[in-house]
Amino acid sequence: MSSFVTITHEDCLGHDTGPHHRERPWRLETVRGLIDEMELPVIEAREANDEDLLLGHDPAYLEALEEVFARQEHADLDSDTHVSPGSRRASRLGAGGALQAVDLVLSGEAKRVFVATRPPGHHATRTRAMGFCIYGNTGLAALHALERHGLSRVAVLDFDVHHGNGTQDILWDEPRSLFISSHQEPKSLWPGTGARSETGAHDNVLNLPLASGSGASEMKVAWEDGLARLEAFKPELIIVSAGFDAHREDDISGLLWTAGDYWWLTNAIRSVARRCCEGRIVSCLEGGYNPTALAEGAAAHLEALAR
Ligand SMILES: [Zn+2]
């Protein structure tokens with residue numbers, strides 16, 4: 001098998017959030033289109049099962065979700081997280097795809113995997129859906145690697161413009177994990193968490209808030225700090241929450257990143273992965289709500305992962 005593969009599934013398009021929601025199927029169609037154009041190897045995502053989801057979610061939350069899904073109708077899990085009859089399958093493919101990517105990388109079948117699914121996952125906490133997210137895909141993937149593959153140190157890096165509060169919540173008390181997130185500073189962007197003072201129960205969280213209006217130079221300074229911390233942690237696997245909404249064209253935030261910045265950051269992560277963990281990277285699609293920004297950012301990320 002190739003050293004770089006992608007995991008996706010067309011049923012993730014069946015998560016119908018309505019015509020006016022930011023997180024709509026065109027996003028995944030865009031990324032799947034890039035994968036086709038670049039002729040990257042594709043594996044179909046598998047669904048996560050209940051046991052997989054229980055790795056990082058409270059049983060009462062999962063039961064409440066099942067009751068909503070069983071009604072087979074449109075419903076709101078919170079003010080901006082909408083579900084439809086196709087959402088149970090789509091969200092289980094998102095979580096399952098992330099776990100499957102960990103399996104591929106840890107079995108040596110691939111070195112790097114990109115998981116192109118929706119809905120995204122990094123805002124879903126142990127106990128609730130939030131911010132378009134239902135299951136905490138990257139947090140679950142980290143716990144899967146620790147609990148089922150017996151790894152001792154797994155890092156999750158999150159460069160989506162919003163703080164990965166859900167992943168932080170899922171990994172907060174997990175000393176074998178390191179969570180590093182860059183995002184627009186909490187005072188000026190939803191969800192309002194992600195201050196530097198939030199460091200995890202075991203000093204296992206590093207938040208890198210960035211000022212609105214900042215661009216490449218501030219991003220590089222923050223991530224040089226973050227990647228030094230990552231390298232000192234000596235991860236055995238690096239998982240990435242890859243959101244493309246810090247791009248200057250995406251009006252959901254005030255950061256001014258460009259395609260070149262996603263290229264730089266992905267390469268910098270690859271350099272640490274080569275030195276620490278034989279190049280093992282699992283990256284999962286998170287946000288990105290402007291067509292140009294998502295296409296440019298994801299293309300740069302995929303090219304840097306695939307080369
Ligand atoms: Zn985001």
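This structure is a prediction, so every number in the text was calculated from the model and none was measured.
Among residues two or more places apart in sequence or in another chain, the salt bridge (charged side-chain N to carboxylate O under 4.0 Å, His left out) test is passed with Asp50 by Arg92. Residues passing the ring-ring contact (aromatic ring centres under 6.0 Å, His included) test with Phe233, sequence neighbours excluded: none. Evaluation of the side chain to side chain donor-acceptor pair (under 3.5 Å) rule for Ser182 yields Trp223 as partners, not counting sequence neighbours. By the side chain to side chain donor-acceptor pair (under 3.5 Å) test, Glu47 is found to be paired with Arg89, residues two or more places apart in sequence or in another chain being considered. Every residue two or more places apart in sequence or in another chain that forms a salt bridge (charged side-chain N to carboxylate O under 4.0 Å, His left out) with Asp52 is listed here: Arg46, Arg148. Residues satisfying the side chain to side chain donor-acceptor pair (under 3.5 Å) test with Glu147, not counting sequence neighbours, are Arg176. Under the salt bridge (charged side-chain N to carboxylate O under 4.0 Å, His left out) criterion, Asp78 pairs with Arg128, not counting sequence neighbours. For Gln184, the side chain to side chain donor-acceptor pair (under 3.5 Å) partners are Ser188, not counting sequence neighbours. For His247, the ring-ring contact (aromatic ring centres under 6.0 Å, His included) criterion is met by no residue, not counting sequence neighbours. When the ring-ring contact (aromatic ring centres under 6.0 Å, His included) test is applied to His9, no partner is found at least two apart in sequence or on another chain.
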task: Please step through side-chain contact (heavy atoms from CB on, under 4.5 Å) for the pair Leu237 and Cys277, ending with a clear verdict.
output: CA-CA 6 Å; Leu237 170 67; Cys277 53; 5.7 Å; no
- prompt: Which is it for His144 and Asp103 under the side-chain contact (heavy atoms from CB on, under 4.5 Å) test, yes or no, and what are the steps along the way?
  reply: CA-CA 9 Å; His144 176 66; Asp103 293 339; 2.7 Å; yes
Verdict with supporting geometry, Asp80 and His21, side chain to side chain donor-acceptor pair (under 3.5 Å): CA-CA 8 Å; Asp80 51 22; His21 199 277; over 6 Å; no
message: Quick one, Trp263 with Thr258, criterion side-chain contact (heavy atoms from CB on, under 4.5 Å). Give me CA distance, side-chain angles, the key distance, then yes/no.
response: CA-CA 9 Å; Trp263 169 263; Thr258 63; over 6 Å; no
- request: Just do the side-chain contact (heavy atoms from CB on, under 4.5 Å) check on Leu285 and Phe114 with the steps written out, would you?
  value: CA-CA 8 Å; Leu285 179 64; Phe114 183 74; 3.9 Å; yes
query: Stepwise, does the side chain to side chain donor-acceptor pair (under 3.5 Å) test hold for His162 with Asp160?
result: CA-CA 5 Å; His162 301 95; Asp160 187 282; 3.2 Å; yes
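The backbone N or O of His15 lies less than 3.5 Å from a partner atom in the side chain of Arg118, making a donor-acceptor pair. Put simply, the side chain of Glu23 never gets that close to the backbone of Pro120: no donor and acceptor are under 3.5 Å apart. Of the possible donor and acceptor atoms, one in the side chain of Thr8 sits under 3.5 Å from a partner among the backbone N and O of Ala116. Looking at Asp250, its side chain never comes within 3.5 Å of a backbone N or O of Gly288 through a donor-acceptor pair. In this structure a side-chain-to-backbone donor-acceptor pair under 3.5 Å is present from Glu198 to Ala195. Using modelled atom types, no side-chain atom of Asp16 and backbone atom of Gly86 make a donor-acceptor pair closer than 3.5 Å. With hydrogens and angles ignored, the 3.5 Å screen pairs a side-chain donor or acceptor of His183 with a backbone N or O of Gly194. Between the side chain of Asp169 and the backbone N or O of Asn165, no donor-acceptor pair lies under 3.5 Å. Listed for the Glu296 side chain is no donor-acceptor partner under 3.5 Å among the backbone atoms of Ala293.
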Name every donor-acceptor pair, under 3.5 Å, that has one atom in a side chain of residues 36-45 and the other anywhere in the protein, sequence neighbours excluded.
none

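Heavy-atom contacts from other residues, nucleotides or ligands closer than 6.0 Å to CD of Glu66 number more than 12. No more than 12 heavy atoms of other residues, nucleotides or ligands lie within 6.0 Å of NZ in Lys234, so this atom counts as exposed by the packing criterion.
Using a 4.0 Å cut-off between charged nitrogen and carboxylate oxygen, Asp11 and Arg88 do not count as a salt-bridge pair.
Put simply, CD on Glu185 and CG on Leu210 are 8.5 Å apart, with the number rounded to the nearest 0.5 Å. From Glu236, atom CD reaches atom CG of Leu151 across 5.0 Å, with rounding to the nearest 0.5 Å. Rounding to the nearest 0.5 Å gives a distance of 5.0 Å between OG1 of Thr292 and CG of Asn290. Within the model, atoms CD of Glu73 and OG of Ser84 stand 11.5 Å from one another, a figure rounded to the nearest 0.5 Å. Taking OG1 from Thr17 and CZ from Phe132, the interatomic distance works out to 8.5 Å, rounded to the nearest 0.5 Å. Distance check: Thr199 OG1 to Gln168 CD gives 9.0 Å after rounding to the nearest 0.5 Å.
Under the 30°/60° scheme for interplanar angles, the aromatic rings of Phe159 and Phe244 are found to stand perpendicular. His82 and His74 have tilted rings, their planes meeting at an angle from 30° to 60° on a 0 to 90° scale.
When the options Leu65, Ile134, Leu140 are evaluated for a side chain to side chain contact (heavy atoms under 4.5 Å, CB included) with His57, the one that passes is Leu140. Applying the side chain to side chain contact (heavy atoms under 4.5 Å, CB included) test between Ile239 and each of Val156, Leu157, Thr167 identifies Val156 as the sole match.
Side-chain atoms of Thr81 and Cys133, non-hydrogen and from C-beta on, never get closer than 4.5 Å to each other. Counting heavy atoms from C-beta outward, Pro209 and Arg196 have side chains that approach closer than 4.5 Å. Side-chain contact check for His301 versus Leu265: every heavy-atom pair is 4.5 Å or farther apart. Proximity of Ser253 to Asp245: side-chain heavy atoms (C-beta onward) are nowhere separated by under 4.5 Å. Between Asn207 and His163, some side-chain heavy-atom pair lies under the 4.5 Å cut-off. Residues Thr117 and Leu28 are not in side-chain contact: their nearest non-hydrogen atoms beyond the backbone lie 4.5 Å or more apart. Under the 4.5 Å side-chain criterion, counting only non-hydrogen atoms from C-beta, Pro235 is in contact with Leu230. By the 4.5 Å heavy-atom criterion applied to side chains, Leu208 and Ile180 are counted as neighbours.
Closest approach of Val113 to Ala101, counting heavy atoms only: CG1-CB, 3.6 Å.
A continuous path of Ile, Leu, Val, Met, Phe, Trp and Tyr side chains, each step under 4.5 Å between heavy atoms, connects Leu53 with Leu146, placing both in one hydrophobic cluster. Residue Leu171 is not grouped with residue Ile238 when hydrophobic side chains (ILVMFWY) are merged at heavy-atom distances under 4.5 angstrom, including chains of intermediate members.
For residues 260-276, the set of pairs meeting the salt bridge (Lys or Arg N to Asp or Glu O under 4.0 Å) definition, not counting sequence neighbours, comprises Glu231-Arg275.
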